[in-house]
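Values reported hereafter were calculated over all heavy atoms of this structure, with side chains retained and with hydrogens, waters and symmetry mates removed. Quick caveat: nothing in here was measured; it's all calculated off a predicted structure.
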Amino acid sequence: MITSKAKRGNTSMSNATIYINRELSWLDFNKRVLALSKDKTVPLAEQMKFAAIYGSNLDEFFMVRVGSLYDRTLLKNEITDNKTNLTPAQQLAAIMEKTALMQQQCDKYVHRLWESLSEIGYHKIDFEQLSKEDEKFWKRYFQNELFPVLSPQIIDHRHPFPFLRNQEIYLCATLKAKGDAKVSYGIIPIGTQSERVLYLKKEDGVYYGLVEELIYHFAELVFPKGMLQKKCMFRVTRNADIDVQEGMFDQDIDYRQVMSELLKKRRKLAAVRIQFWNHPPQEIQRYLCEKLVLPHQQCISQTSPLDLSLFFRLANRLHNEGHTPLFYPPAKPMPAPYGYDLGQAVQSKDVLIAYPYQAIRPFIQMLMRAAFDPEVISIKMTLYRMARDSQIVQALVSAAENGKEVVAVVELRARFDEQNNIDWSKQLEDAGCTVLYGLEDYKVHSKLTLITRRKEDGYHYTTQIGTGNYNEKTSEQYTDLAYVTTRQEVGEEAAAVFNDLAVERLTANTRNLLVAPLGFKSVLLAEMDREIQKAQEGKPARIIFKNNSLSDKNVIEKIAQASSAGVRIDMIIRGICCMRVGVPGLTENVHVRSIVGRYLEHSRIYCFGEGDDLRVYIASGDFLTRNTERRVEVGIKIPDRVLAYKLRGLLELELSDNVNACEMMPDGSYAKVKAQPGEPRVDSQMELYNYFKDGFELDKKLLTNSVELPAQHQPQNMEKPQLKPDRAARKVVVKVKVTAKPRRRK
């Protein structure tokens, strides 16, 4: 049972001083992303990408989290946040206040990016400050290239207010002809018919302009002469928090069809934000808020572009024109030696693969070999997010076509990947795979693969448990872990998990696997109790967590209890952290850091104890309530001691990072961790290339047993990672038992 009192000082664990609101914590995370767009240690093109990522993150936040909160404000009985007791309306007010402050920072950082680009010969066009010659040039361009594809609309008593599409940029103008008593409105959709960024080469460099700013400049030419009075550009963000239950009105309807219909509905949900560009007229703001039924408080005025994804386009342009110094040094996943067979290697010992440092190709090749292996009778996988051109799905299709039983648990509710998963589920079914859609009330978020072989002495299993999706693209961008084993007891429990999913039942009893929602949080809470007991007995006690987010109240209370008992707790949490550090008597022994850098930190590691008493788990789930209570997650306690210590060493290396890390302060804010005078820089994300350098061990004795693949599926050699030397980097020695030591990059 979760204890509600701290043992020191008898202070209530529910004391609001240890809690941070989930939504505000997320905004703090995105603020750390935004900060990288002005970080001079980050190459310019990468700064631009971080600005674009910040904008994309914020769009999704408003579509999902703010959309959900806005819906709740419409209910009479508002449910408050269970940690900070804020109502949805109070949370919305705090969100908008914080977002407005962040927008001011964003505007400044974007202006600096324009200046930095100008210094290297890329000049942003200000259409309000054109020379006469340039004015004529761009006017001709507007009339010949843009005007013919524009679709302006006048709104009056004969023309109703149009539907405004989510995340599309519009121009709104007030119109009044001479002698008219009333003002009417005009709207110009600035769609995707033309390129967003326009380029013009001159002797002194490349000039680029935004198509929406060009249309804004010449908007008078769109409407009858003399009618346009005032104008502004805006962008609407709509709620995208669809509810699958709404669509399950007929039990005979196909679930995939329900999802397709709900995706159409998402495009028409209520507006939750309006962005205005460059000091919009108040009458236009009032008019749009009235038509969209949106409070004025949920409007943001900005001088930076309404859609920051343009920085991705600019970065691509720089890349295509050979400006490689403006990007991170090239680095590719380390390939396995030619002839390496993961399926054979795991027969002799467990294997741990760390992305993006090691290539995903050996895993894909293992699946493909299984598809052609006569001993293999079935392959089962849970699929949450897949690449658009997924080799993993193709391997499953090949297995089904070769007569194997293939079971794919496809989660159609993977937010914003629903259509992609719908398409893949159709292809899998067409190939003869059995496609399951998981449980009605629980998303299947686990990363689990089971390959079953029939041999003379019975069934043999190869099991893979991961922290990240089966996605070739993100495996080169996200830090994730994949544990592969042929331990029979693990395979038997994985088979039970798939059987439970097939009959829509939750897995309750496992000894080796963590399976949420029934056997995930409870196991990890028990492990924390064990460390609390050790601390109370005067023995060394230690807990280290690495995950994406922490919001589960039960877990927060247990961490505070452990801290009060004297347990040292280090948490590496990239995003949301609803727990405040340094609260006297409660969280004095809790230390939180966030690593935001070149790669997106995504692996989940739960580490307890020291030395011979070390216990290490990896899992697909975070300490968010949705993961612990409302999703099917799968993890495992790492039984291989060498690999357990290897993971502990990874955590120690990240705790020494002074390049990408920010540390939480007692007030809940984050401060950048910087190397002290004379202290070498430690970039854990790059050091891990060396740490996992020897991860794929080639045993030539196993090659004779490898399954021969058709020519089109033969392994391909990949280039080794090309890392430029970092003279400021040091040799990092991780002092943990058994683990290998990272070497200096060469």
Side-chain angles (χ1 to χ4, degrees), residues 20-31 34 54-81 83-108 110 161 163-172 174 185 187 230-241 266 268-308 576 578 668-669:
I20 300 171
N21 177 263
R22 183 193 194 281
E23 318 307 342
L24 300 182
S25 178
W26 185 92
L27 287 173
D28 282 332
F29 154 68
N30 208 32
K31 185 178 180 181
L34 177 62
Y54 164 81
S56 175
N57 285 348
L58 198 59
D59 285 347
E60 184 173 332
F61 176 74
F62 270 87
M63 285 190 287
V64 179
R65 300 301 305 180
V66 174
S68 177
L69 283 172
Y70 186 60
D71 285 346
R72 293 178 199 172
T73 63
L74 305 178
L75 301 176
K76 292 182 178 179
N77 296 321
E78 293 188 348
I79 301 174
T80 60
D81 173 32
K83 291 176 282 292
T84 58
N85 293 321
L86 295 175
T87 66
Q90 290 171 328
Q91 292 180 70
L92 278 178
I95 287 169
M96 296 312 301
E97 180 181 358
K98 196 160 194 169
T99 301
L101 293 174
M102 290 169 61
Q103 186 60 56
Q104 293 175 13
Q105 290 181 310
C106 180
D107 291 343
K108 292 179 182 178
V110 167
F161 188 80
F163 176 78
L164 304 176
R165 289 184 287 273
N166 184 38
Q167 296 183 293
E168 189 161 314
I169 297 173
Y170 293 86
L171 183 144
C172 184
T174 57
Y185 291 86
I187 286 184
K230 297 180 180 180
K231 59 185 177 179
C232 77
M233 287 195 301
F234 69 96
R235 181 173 180 257
V236 175
T237 307
R238 292 187 176 275
N239 186 355
D241 191 29
R266 171 184 283 169
K268 299 180 180 180
L269 293 179
V272 294
R273 176 182 63 163
I274 307 178
Q275 297 165 265
F276 290 101
W277 181 71
N278 209 8
H279 310 298
Q282 289 187 359
E283 55 264 48
I284 294 181
Q285 285 193 63
R286 287 195 298 268
Y287 176 75
L288 291 173
C289 286
E290 177 186 339
K291 291 297 182 181
L292 293 169
V293 195
L294 192 67
H296 177 75
Q297 291 78 5
Q298 286 174 236
C299 298
I300 294 289
S301 181
Q302 59 191 80
T303 59
S304 54
L306 296 172
D307 182 356
L308 293 177
I576 298 164
C578 295
S669 65

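Atom CG of residue Asn166 and atom CZ of residue Arg238 lie 7.0 Å apart, to the nearest 0.5 angstrom. The distance from atom OG of Ser304 to atom CG of Asp107, rounded to the nearest 0.5 Å, is 4.0 Å. For the atom pair SG of Cys232 and CH2 of Trp277, the computed distance is 10.5 Å after rounding to the nearest 0.5 Å. To the nearest 0.5 Å, the span separating CG on Leu92 from CG on Leu69 amounts to 5.0 Å. Atom OG1 of Thr87 sits about 10.0 Å away from atom CG of Asn85, to the nearest 0.5 Å. Atom CD of Gln91 and atom CG of Leu24 lie 7.5 Å apart (nearest 0.5 Å).
Side chains of Ile274 and Ile300 form no contact here, defined as non-hydrogen atoms less than 4.5 Å apart. Annotation: side chain of Ser68 is in contact with side chain of Arg72 (closest heavy-atom distance under 4.5 Å). In this structure, Arg235 and Phe276 have side chains that are not in contact, with every pair of non-hydrogen atoms separated by 4.5 Å or more. Residues Trp26 and Leu58 are in side-chain contact: their nearest non-hydrogen atoms beyond the backbone lie under 4.5 Å apart.
Proximity of a side-chain donor or acceptor of Asn239 to a complementary backbone N or O of Ala270 within less than 3.5 Å is not detected. A donor-acceptor contact shorter than 3.5 Å links the side chain of Gln275 to the backbone of Leu306. A donor-acceptor distance shorter than 3.5 angstrom exists from the side chain of Gln302 to the backbone of Pro305, with no hydrogens or angles considered. Remark: the backbone N or O of Arg65 is not paired with any side-chain donor or acceptor of Tyr70 at under 3.5 angstrom.
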For this session: Given side chain to side chain contact (heavy atoms under 4.5 Å, CB included), test Leu27 with Met102 step by step and report yes or no.
Result: CA-CA 9 Å; Leu27 287 173; Met102 290 169 61; 4.1 Å; yes

For this session: Determine, stepwise, if the pair Ile576 / Phe29 fulfils side chain to side chain contact (heavy atoms under 4.5 Å, CB included).
Result: CA-CA 7 Å; Ile576 298 164; Phe29 154 68; 6.0 Å; no

For this session: Determine, stepwise, if the pair Leu308 / Cys106 fulfils side chain to side chain contact (heavy atoms under 4.5 Å, CB included).
Result: CA-CA 10 Å; Leu308 293 177; Cys106 180; 3.8 Å; yes

For this session: Evaluate the criterion side chain to side chain contact (heavy atoms under 4.5 Å, CB included) for residue pair Met63 and Gln167; output intermediate values, then yes/no.
Result: CA-CA 10 Å; Met63 285 190 287; Gln167 296 183 293; 3.9 Å; yes

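In terms of heavy atoms, Gln103 sits closest to Tyr54 at N-OH, 4.4 Å. Taking every heavy atom of both residues into account, Leu164 and Phe234 meet most closely at CD1-CE1, 3.7 Å.
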Solution key, residues 278-299 side-chain donor-acceptor pairs under 3.5 Å, sequence neighbours excluded:
from, atom 1, to, atom 2, distance (Å)
Glu283, OE2, Lys230, NZ, 2.8
Gln298, NE2, Val272, O, 2.7

Residues 94-101, side-chain donor-acceptor partners within the protein, below 3.5 Å, at least two apart:
from, atom 1, to, atom 2, distance (Å)
Lys98, NZ, Asp28, OD1, 2.7
Lys98, NZ, Asp28, OD2, 3.2
Thr99, OG1, Ile95, O, 2.7

